[in-house]
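Please read these numbers as outputs of a predicted model, since none were measured by experiment. So that the names make sense, note that chain A is the first sequence line, chain B the second, and so on, each numbered from 1.
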There are 2 protein chains.
Amino acid sequence: MKRTSLAGDSCPVARALDVFGDWWSLLIIRDASLGRRRFGEFQASLGLAKNILTTRLRTLVERGILKTVPASDGSAYQEYVLTPKGHGIFPILVALRQWTEEFDEHPDEIATIMVDRAKGKPVKKLALLSQDGRVLSATDTTLKLRPAKRARRLATA
Amino acid sequence: MKRTSLAGDSCPVARALDVFGDWWSLLIIRDASLGRRRFGEFQASLGLAKNILTTRLRTLVERGILKTVPASDGSAYQEYVLTPKGHGIFPILVALRQWTEEFDEHPDEIATIMVDRAKGKPVKKLALLSQDGRVLSATDTTLKLRPAKRARRLATA
DNA sequence: CTTGTGTGGTTGCAATATTAAACCGAATGC
DNA sequence: GCATTCGGTTTAATATTGCAACCACACAAG
């Protein structure tokens, strides 16, 4: 089987999926962003096998999404918290949430809505904007080859 | 293995992952949003086993992400194109792309950048806005229980 | 200090998914 | 008509997941 690795892929979507594109990682990250920190909290919340949770936490730490912190409630156990790189996944969670809110067949089964903490009102949909502020749809965008980074301070001739 | 189904979960993130959260589906959707339509195009582009591609395409069709259209270049084969529900996944792809662009250890390996088709300039980062237009970070948001939909036209007393 | 319990894992084994490769019929191309 | 491509299906080998049992350590009570 050997899940083909996407780490060397040139597509940024594939590269992201290589890091947290498996069945559980994003749910662990979601839980972490909701404030869960302990092994037992994740296990109880997600209901996954403990050995799987162990390996997922380990690779998420290896990849810089989570870090372990020595303690928090005084006990000698460790906790798992998001790094900045892990917090950066937040917009992806929002996008997933909003897709379900818009397209799910049984939206009545969705338990929660995301609100602006200050006002308590639902957030707006994520919008993709151009540099001059227009809202862009998929068809308004295209991909360009990334310009090669020019070598600094090295003469090209 | 029996991947535990997330379809009945009350979390919208989990529900989305249940639909296209496996190793290949999002990459197929990415390819479809780039205009690929044929079985062979997907297989060549992704390099996955053909039987897996077969089952993935079938479940994506079942779940309303893709639909088969009878032909397009006159040949008697069928093609796979995104439904509106499938096109709705676009912001998720953008969010994944932007996460890699911001946090990947080897950003020089990313081949493409997403640009505004009209102007050719890079798009801005997805922003989460409140109803009154403030940009929200993860800590500016919280989750609230979804208010139950009240039955229409039925007196509550 | 000894027993008991909860936390945070590890280890086996059975079940399942992925892969690569062979095979195959129908549709095209020549 | 003949070879090739397209779009799969089948098969066997291999990898991953899930479940359950086990285990070590920390901590608390006595």
Side-chain angles (χ1 to χ4, degrees), chain A residues 1-9 14 17-29 31-32 35-63 66-81, chain B residues 1-9 14 17-29 31-32 35-63 66-81:
Chain A
M1 208 201 226
K2 187 168 1 190
R3 218 153 48 189
T4 62
S5 167
L6 303 167
D9 200 291
L17 292 178
D18 188 74
V19 178
F20 52 79
D22 68 278
W23 198 247
W24 291 112
S25 292
L26 259 179
L27 294 173
I28 294 170
I29 293 163
D31 271 18
R36 288 193 246 270
R37 313 167 131 241
R38 296 287 283 257
F39 185 96
E41 285 184 291
F42 293 117
Q43 213 252 321
S45 157
L46 299 172
L48 82 174
K50 295 201 291 182
N51 53 352
I52 304 295
L53 179 56
T54 301
T55 64
R56 287 298 182 279
L57 289 172
R58 187 149 47 214
T59 66
L60 287 172
V61 169
E62 275 170 14
R63 293 172 174 187
L66 295 173
K67 66 184 170 195
T68 55
V69 301
S72 97
D73 63 340
S75 81
Y77 298 112
Q78 66 180 352
E79 304 187 339
Y80 300 88
V81 299
Chain B
M1 225 195 230
K2 191 175 352 196
R3 249 198 330 223
T4 63
S5 167
L6 303 166
D9 201 291
L17 292 178
D18 187 73
V19 178
F20 52 80
D22 68 278
W23 199 246
W24 291 112
S25 292
L26 258 180
L27 294 173
I28 293 170
I29 294 162
D31 270 18
R36 288 194 246 268
R37 312 168 132 242
R38 296 289 283 259
F39 186 96
E41 285 185 292
F42 293 117
Q43 213 253 319
S45 158
L46 298 171
L48 82 173
K50 295 202 290 181
N51 53 352
I52 302 296
L53 179 56
T54 300
T55 65
R56 288 298 184 278
L57 288 172
R58 189 150 45 214
T59 67
L60 287 171
V61 169
E62 275 170 15
R63 294 172 173 188
L66 295 174
K67 66 183 171 197
T68 55
V69 300
S72 98
D73 64 340
S75 80
Y77 296 114
Q78 65 181 351
E79 304 188 338
Y80 300 88
V81 299

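Taking the ring pair (Phe, Tyr, Trp, His ring centres under 6.0 Å) definition, one finds that A:F20 meets it with B:W99, sequence neighbours left out. With sequence neighbours left out, the salt bridge (charged side-chain N to carboxylate O under 4.0 Å, His left out) criterion links A:D18 to no other residue. With sequence neighbours excluded, the residues forming a side chain to side chain contact (heavy atoms under 4.5 Å, CB included) with B:T59 are B:E62, listed by chain and number. When the salt bridge (charged side-chain N to carboxylate O under 4.0 Å, His left out) test is applied to A:R63, no partner is found at least two apart in sequence or on another chain. Remark: A:Y77 pairs with no residue by the side-chain hydrogen bond (donor to acceptor under 3.5 Å, both in side chains) rule, at least two apart or across chains. Scanning for side-chain hydrogen bond (donor to acceptor under 3.5 Å, both in side chains) contacts around B:D9 gives an empty result, with sequence neighbours left out. Every residue was checked against the side-chain hydrogen bond (donor to acceptor under 3.5 Å, both in side chains) condition with B:T54, not counting sequence neighbours, and none meets it. Taking the side chain to side chain contact (heavy atoms under 4.5 Å, CB included) definition, one finds that A:V81 meets it with A:R37, A:K67, A:V69, sequence neighbours left out. Every residue was checked against the side-chain hydrogen bond (donor to acceptor under 3.5 Å, both in side chains) condition with A:T68, not counting sequence neighbours, and none meets it.
If you check residues 48-59 of chain A against DNA chain D, the residues with a heavy atom closer than 4.0 Å are A:A49, A:N51, A:I52, A:R56, listed by number.
Using a 4.5 Å heavy-atom cutoff, the side chains of A:Q78 and A:F39 are not in contact. Looking at B:R38 and B:D73, their side chains come closer than 4.5 Å, going by heavy atoms from C-beta outward.
Residue contacts for B:Q78: at a heavy-atom cut-off of 4.0 Å it reaches the sugar-phosphate backbone alone, with no base atom in range. Contact annotation for A:Y80: backbone-only contact, meaning every heavy-atom pair under 4.0 Å involves sugar-phosphate atoms and none involves a base.
Residue B:R38 places none of its side-chain N or O atoms closer than 4.0 Å to OP1 or OP2 of D:dC6. An OP1 or OP2 oxygen of D:dT17 is reached within less than 4.0 angstrom by no side-chain nitrogen or oxygen of B:W23.
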- Task: Spell out protein contact along nucleotides 25-30 of chain D as letters: B when the base is contacted, S when just the sugar-phosphate is, - when no protein heavy atom is under 4.0 Å; keep the 5' to 3' order.
- Result: -SS---
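Atom-to-atom, CD of B:E79 to P of C:dA27 comes out at 16 Å; the value is rounded to the nearest Å.
Defining each end axis of the helix from C:dC1-D:dG30 to C:dC30-D:dG1 as the rotation carrying four pairs' C1' atoms onto the next four, with five pairs an end, the two axes are found to diverge by 30° to 10 degrees.
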